[in-house]
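See below for the structure under consideration.
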Amino acid sequence: MASGLKDAFLSYCGAKDRPTVRAALQQELVQQLDILQLQLASCYSAHECAKAYPEIGPLLTTLSRSRAVAGSSEVSRALISAAMEYSKAASTGAYANQRAQTWFSHLARSLLCAAHGGSRRTYELPRCVLAAETTANQRFVLQQLAALLSTAAASWDLARRERVWSQAFGACCGADRAGLLEYLLPALDDCGWALLERHELLAEHSVLVLARLPPDDALELWRRLNVVRAQLVSTRLLPSKKMAGGETEGNHECVLHTM
């Protein structure tokens, strides 16, 4: 398994100046990662994965530090999914492994750095990481970003903070992802709150966002953001708008009104 993934990775990196060839090799690398993920799924714990495939961890770490990998949304998605399965990062209870989860956290940060030339002083959220297709992957990446913002953002200038917050909020856009904003709220600073007020995430669908959040978080958004209060008022005064899944904004407003 490791030899096939390693060969696909080296071939992909070696085809830098041959776009047509590299496109085909990219699909081969993605396929190798997807196959790896499926095989790792048969293991119940991170310890079992490491025991059965001891060479995979270091190899996935190497991939995460490659700019060629970080520059492709497809390869990044496949890498994140395989690494998450290898570390069982989403596991809880008896199968949770703090050391493996820390390894996955470092891998995700390495991918962030690789997307920006390897500089560990730059912590932006590249689109390639947000291409993770499962909610679990998106949730974990946003949790890592929130932790990073909580500890590092104070040393950034305003432009960088706004850029990172904007990309993070962008990951929550869409009816199926609105609830992911929950994982960013603990890290919101004055810059984050100000940007959220005018971000497209709330510009049109703040009622939908509130309906996807836990009650305490929804009330905090209502308390702090004028755009949210304005949309709640307009929702009461205007006919209900049809939303995805047959729901209406008016219906959501009634639910929020009872909190």
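Side-chain contact between L181 and D217 is absent, with no heavy atoms from C-beta onward closer than 4.5 Å. Looking only at side-chain heavy atoms (C-beta outward), L33 and L60 come within less than 4.5 Å of each other. Side-chain contact between Y12 and E28: absent, with no pair of heavy atoms (C-beta onward) separated by less than 4.5 Å. Using a 4.5 Å cut-off on side-chain heavy atoms (C-beta onward), S64 and L79 make contact. Contact check for L184 versus L196: no side-chain heavy atoms found under the 4.5 Å cut-off.
To the nearest 0.5 Å, the span separating OG on S110 from CZ on R65 amounts to 5.0 Å. From L36, atom CG reaches atom CD of Q31 across 12.5 Å, with rounding to the nearest 0.5 Å. The CG atom of L25 sits 9.0 Å away from the CZ atom of R22 when rounded to the nearest 0.5 Å. Atoms OG and NE2, on S87 and H47 in that order, are 15.0 Å from each other to the nearest 0.5 Å. From F9, atom CZ reaches atom OG of S66 across 4.0 Å, with rounding to the nearest 0.5 Å.
Side-chain atoms of S72 and Q26 include a donor-acceptor pair closer than 3.5 Å. The closest side-chain donor-acceptor pair between Q27 and E74 falls under 3.5 angstrom.
D7 pairs by the side chain to side chain contact (heavy atoms under 4.5 Å, CB included) definition with nothing, not counting sequence neighbours. Looking at residues two or more places apart in sequence or on another chain, you find a side chain to side chain contact (heavy atoms under 4.5 Å, CB included) between T102 and Q98, H106.
Taking all atoms of both residues into account, the shortest heavy-atom contact from V30 to R77 is CG1-NH2, 3.6 Å. The shortest heavy-atom contact between Q32 and A8 is CG-CB, 3.9 Å. The two residues Y86 and Y53 make their nearest non-hydrogen contact at OH-O, 3.2 Å. The nearest pair of heavy atoms linking L158 to C191 is CD1-SG, 3.8 Å. The shortest heavy-atom contact between S45 and K88 is C-CG, 3.6 Å. Shortest non-hydrogen contact noted between L59 and L5 is CD2-CD2, 3.6 Å.
Pairs engaging residues 186-195 under the side chain to side chain donor-acceptor pair (under 3.5 Å) rule: W165-D189 [sequence neighbours left out].
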